[in-house]
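Here's the structure we're looking at; comments come further down.
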Amino acid sequence: MNDKQIGTFFDSLSEDYTAVIERCFPRYREMLWALLDYLPTDKPIGSILELGCGTGNLSVLLANAFPAASIRVVDVSRESLELSRARLDDSRFAFEERDFRDLSCDSNSLDLVVSSIAVHHLTSLEKRRLFAQIYDWLKPAGTFCFADQFRGATEDLYQRHIHHWHEQSMAAGSSSDEWEMWMDHQLEHDFHDSLTDQVDWLRDAGFSIIDCPWRYLLWAIVQARKS
Ligand SMILES: C[S@@+](CC[C@H](N)C(=O)[O-])C[C@H]1O[C@@H](n2cnc3c(N)ncnc32)[C@H](O)[C@@H]1O
């Protein structure tokens, strides 16, 4: 993936992003709600990292859910990051224009790492590397939770997911042009890996408690906890 290209793609979409994603994926808001709702509650959360914050839809929810936390948000799209900054005029936030493949954090420094629809922009190898880094950055009992698009275990399952996604996107008001725009983007920038592969990679990275608390077609939320 070329980070400049993906940044440019999301720069150009940034003003319309929320309307487009809500048409394209009618259960987007439910997915963000579920990502937060299923987080463990047995440990205080003081330090959060969000990867690929985009225009800040999840960041706003994090700010409300964790009023005492410091929150570092990272995105490669300057325009999206600016919109996030405008929405989140809050000294607890640190905004960083950066490719999250080049990110560094101190070991054992974070309580929570989250991401929504961003990790699938990485290749399989890059995902594996990121999962190992996140494991290192998290404090003991820290949580990594990401919502994303996943390939099916078979090509048939995957194509059925795409088929139903297309139908639902159209029913929610997307146009053929908008659908084509996403499919072109997908061909160039998206690297869907299966849920089971990614669970294996999380286990390889050291995570022990791994689950999928929510799933709908090719979207799922995966939660993994450091021992
Ligand atoms: C589909 S948007 C999701 C935005 C937001 N998280 C949401 O749920 O609506 C993907 C975001 O990830 C960012 N992104 C993709 N790959 C990235 C990378 N390697 N480093 C930093 N940001 C990245 C894009 O710029 C974009 O803002």
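Atoms within each ligand, like the ligands themselves, are counted from 1 in listed order. This chain uses plain numbering: 1 for the first residue, then up along the sequence. What you are looking at is a predicted structure, and each value in this text was computed from that prediction instead of being measured.
Side chains of Tyr28 and Asn57: a donor on one and an acceptor on the other come within 3.5 Å.
A salt bridge is defined here as a Lys NZ or Arg NE, NH1 or NH2 lying under 4.0 Å from an Asp or Glu carboxylate O, and Glu82 with Arg85 meets this definition. Ion pairing between Arg225 and Asp42 holds under the 4.0 Å rule for side-chain N and carboxylate O.
Residue pairs meeting the salt bridge (charged side-chain N to carboxylate O under 4.0 Å, His left out) criterion with at least one member in residues 195-205, sequence neighbours excluded: Arg128-Asp204, Asp200-Arg203. Pairs engaging residues 53-80 under the salt bridge (charged side-chain N to carboxylate O under 4.0 Å, His left out) rule: Arg72-Glu96, Arg78-Glu97 [sequence neighbours left out].
Looking at heavy atoms from C-beta onward, Arg29 lies in side-chain contact with Glu22 at the 4.5 angstrom threshold.
Of the N or O atoms in Ser116, one or more lie within a sub-3.5 Å distance of an N or O in ligand 1. In terms of polar-atom proximity, Gly52 is counted as a contact of ligand 1, with an N or O under 3.5 Å from an N or O of the ligand. Taking distance alone, with nitrogen or oxygen atoms compared against 3.5 Å, Tyr17 approaches ligand 1 more closely than that limit. Distances between N or O atoms of Val76 and those of ligand 1 include at least one value under 3.5 Å. Residue Phe100 has at least one nitrogen or oxygen atom sitting less than 3.5 Å from a nitrogen or oxygen atom of ligand 1, judged on distance alone.
Contact between Asp75 and ligand 1 is present, with at least one heavy atom of the residue lying under 4.0 Å from the ligand. In this structure, Asp99 counts as a contact residue of ligand 1, since one of its heavy atoms falls inside 4.0 Å of the ligand.
A cation-pi arrangement is absent between Lys226 and Phe144, since the terminal nitrogen or guanidinium carbon is not both under 6.0 Å from the aromatic centre and inside a 45° cone about the axis.
A ring-centre distance under 6.0 Å is not found for His121 and His189.
In this comparison of Ala147, Cys24, Cys53, Ser14, the heavy atom closest to atom 5 (C) of ligand 1 sits on Cys53. With atom 9 (O) of ligand 1 as the reference point, the heavy atom nearest to it among Trp182, Phe146, Phe10, Tyr28 is part of Tyr28.
In the vicinity of Ser77, heavy-atom distances shorter than 4.0 Å reach the ligand 1 atoms 25 (O). Ligand-side atoms of ligand 1 in range of Ala118: 12 (O), range being under 4.0 angstrom from any heavy atom. Within ligand 1, counting atoms from 1 as listed, the ones closer than 4.0 Å to a heavy atom of Arg98 are 20 (N), 21 (C).
Within 6.0 Å of atom CD in Glu15, 12 or fewer heavy atoms from other residues, nucleotides or ligands are found, so the atom counts as exposed in its surroundings.
The proximity of Phe9 to ligand 1, defined as any non-hydrogen pair under 4.0 Å, does not occur for either the backbone or the side chain.
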